[in-house]
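A short write-up of the structure that comes next.
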Amino acid sequence: MLANYINKGIFMETNLILEGFKFMGLGMGTVFAFLIVLILMMNIMSKILNKFFPEVQPSISAPKANAQKDNKKVVAAITAAIKHHIEG
Amino acid sequence: MKLLVLKFLALFMLLSATNVFANASAHNLEELSMHKEETYQSKPFSEMITGFLASTGISAFINPNPDELSSDGKAMSDFHKSWGRVIMILITFLLFYLAIKKGFEPLLLLPIAFGGLLANIPVAGIAGEHGFLGVIYNMGLSNEMFPIIIFMGVGAMTDFGPLLSNPKTALLGGAAQFGIFGTLVGAVALSQAGFVDFTLQQASAISIIGGADGPTSIFIASKLAPELLGAIAVASYSYMAMVPIIQPPIMKALTTEAERKIRMTTLRHVSRLEKLIFPILVLVLAILVLPESTPLIGAFMFGNFLKESGVVERLNDTLQNSLINIVTIFLGLGVGSKLAADQFLVPETMFIMALGIIAFSVGTAAGVIMAKIMNMFPGHKINPLIGSAGVSAVPMAARVSNKVGMEYDKTNMLLMHAMGPNVAGVIGSAVAAGVLISLFQ
């Protein structure tokens, strides 16, 4: 009877830690499975999108034009300043 | 004569009747005045002073009221009513110092600490059911509302661009969740060894600290182990604040100098359409794999979708600023209400603090080791320093990776590379949280 009880106790004890490891296996498995599928989907998505909906890149050409405009403005301002300096 | 007697009798009866009436009304009046006297009765001045002194905080600290119940209606020990409260108030002062002077997550730590200060006031019962902290707690914490709203705001602040341009770094965010489950085993083992008595639910709620994600910790704790909420939230936020102290030694111990100097290829440009579809993609995946995680992931992706849609700038702005700020105040005060001495000054708190730091360290180490494992395979090399950013703690952990990287090579900018695992860590810990919830359904 006593031995039985002790056995049961030990069994219960190992059981709880085992339970923790089971949680770990299931949890890490799910997290990794989720992320791996997500990575695959991300790769597929970017391929499809770049093939069928290639982004027209106004965002890159626009700032360049702006920058050039700004440059022109700066040049104009400097010229004006120099002119003013020389004249004055 | 007979008539006179009759008249007299009648008069007498009338009089006695009115007298009875008058008596009755007088009795009523007396009762009323007695009622009044119960709330206020004229007393000698000396008695007033002693009565007032008995109601002061000083006397409540020194001679605790034996009938006073804790905020959840349980009896409290005298220690928790007297010295426990003093200790807790001193602890909140320490938290003020850490938040203001050391800059440890002041946005949350200050409301939490002040809430803790208010919750430990005797007599007033601010954290009780009808006190304002109790009302705040029941309004949004016991039903997990506030962490969800915070998640919407965090979603609106998150840019998935770095992750989309280098998807495989998401694995680092997954490996860091090892901290959660490693700690779960640790907590179970501790209670097995007889040091402390944690149920499996409580162990799970504690281990989520390793996810390094405040709202997720609070969400899980209020679902699985509300009695531990205060300690878990404080551990979670204070360790998040200490990321710059905890992580670098672990990162340096696990990497060689050559590895720390690895340069990563520049990130490709991510189109707007990709960023717009990504939140929906994650949500659909969560729906299919783990519906239990959709409250967190759904709220997160909602915020991100509003941001990336680009057509609801006003809503996006509200989520990122006013809404998250308002809810942060309430969340902090609500968590603070759980810093009452009777709930915080228990042996469990010490173990939660210890397990929390183990969870953080294991998560950091797992991320770094995962990066090293990934470098064994062909392909672009990954700097293992960004692995530590896989514990969420956005964007603190990514900044730490960047800072440690720059210590060894001033021109090696790792910040954007580290943001990939960092945001993947948020998704990863939400998934882990979903698994834990689903296991207890």
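Computed over heavy atoms, backbone and side chain alike; hydrogens, waters and symmetry mates excluded. Each chain gets a letter, A, B and so on, in the order the sequences are listed, and its residues count up from 1.
- In this structure, CG on B:Leu184 lies 11.0 Å from CD1 on A:Ile17, to the nearest 0.5 angstrom.
- From B:Leu164, atom CG reaches atom CD1 of A:Ile39 across 11.5 Å, with rounding to the nearest 0.5 Å.
- From B:Glu274, atom CD reaches atom CG of A:Asn50 across 5.5 Å, with rounding to the nearest 0.5 Å.
- Heavy-atom pairs under 4.5 Å with chain A peak, among B:Ile427, B:Leu171, B:Leu285, at B:Leu285.
- B:Ser293 OG to A:Phe34 CZ: the interatomic distance, rounded to the nearest 0.5 Å, is 6.0 Å.
- If you measure heavy-atom distances from B:Val282 to chain A, the contacts under 4.5 Å come from both the backbone and the side chain.
- Ranked by heavy-atom pairs under 4.5 Å with chain A, the first of B:Leu200, B:Val270, B:Leu288 is B:Leu200.
- Proximity of B:Val431 to A:Phe32: side-chain heavy atoms (C-beta onward) are nowhere separated by under 4.5 Å.
- A:Ser46 and B:Arg268 make their closest contact through CB-NH2, 3.5 Å (heavy atoms, listed as atom of the first residue, atom of the second, distance).
- Only the side chain of A:Leu49 comes within contact range of chain B, with heavy atoms under 4.5 Å apart.
- Between B:Gln192 and A:Leu16, the shortest heavy-atom distance links the atoms NE2-CB, 2.9 Å.
- With a threshold of 4.5 angstrom between heavy atoms, B:Ala203 does not approach chain A through any atom at all.
- Of the residues considered (A:Leu40, A:Leu38, A:Ile36), A:Leu38 shows the highest number of contacts with chain B, using heavy-atom pairs under 4.5 Å.
- For B:Phe195, the CZ atom sits in a loose shell: 12 or fewer heavy atoms of surrounding residues, nucleotides or ligands are nearer than 6.0 Å.
- Listed by first then second residue, pairs satisfying salt bridge (charged side-chain N to carboxylate O under 4.0 Å, His left out) with a partner in residues 20-49 of chain A read A:Glu19-A:Lys22, not counting sequence neighbours.
- Within the 4.5 angstrom heavy-atom criterion, atoms from both the backbone and the side chain of B:Ala286 approach chain A.
- Nearest approach of B:Gly174 to A:Val31, heavy atoms of both residues: CA-CG1, 3.8 Å.
- Around CZ of B:Phe360, the count of heavy atoms belonging to other residues, nucleotides or ligands within 6.0 Å exceeds 12.
- Side chains of A:Phe23 and B:Ile180 form no contact here, defined as non-hydrogen atoms less than 4.5 Å apart.
- Taking non-hydrogen atoms and a 4.5 Å limit, the residue list of residues 362-377 of chain B in contact with chain A, ordered by number, reads B:Met370.
- Contact tally against chain A (heavy-atom pairs below 4.5 Å) for B:Leu439, B:Val289, B:Leu163: the top residue is B:Leu439.
- The two atoms that bring A:Met42 and B:Pro167 nearest to each other are CE-CB, 3.9 Å, heavy atoms only.
- A 6.0 Å sphere centred on CE of A:Met45 holds more than 12 heavy atoms belonging to other residues, nucleotides or ligands.
- Heavy-atom distances place no part of B:Ser438 under 4.5 Å from chain A, backbone and side chain included.
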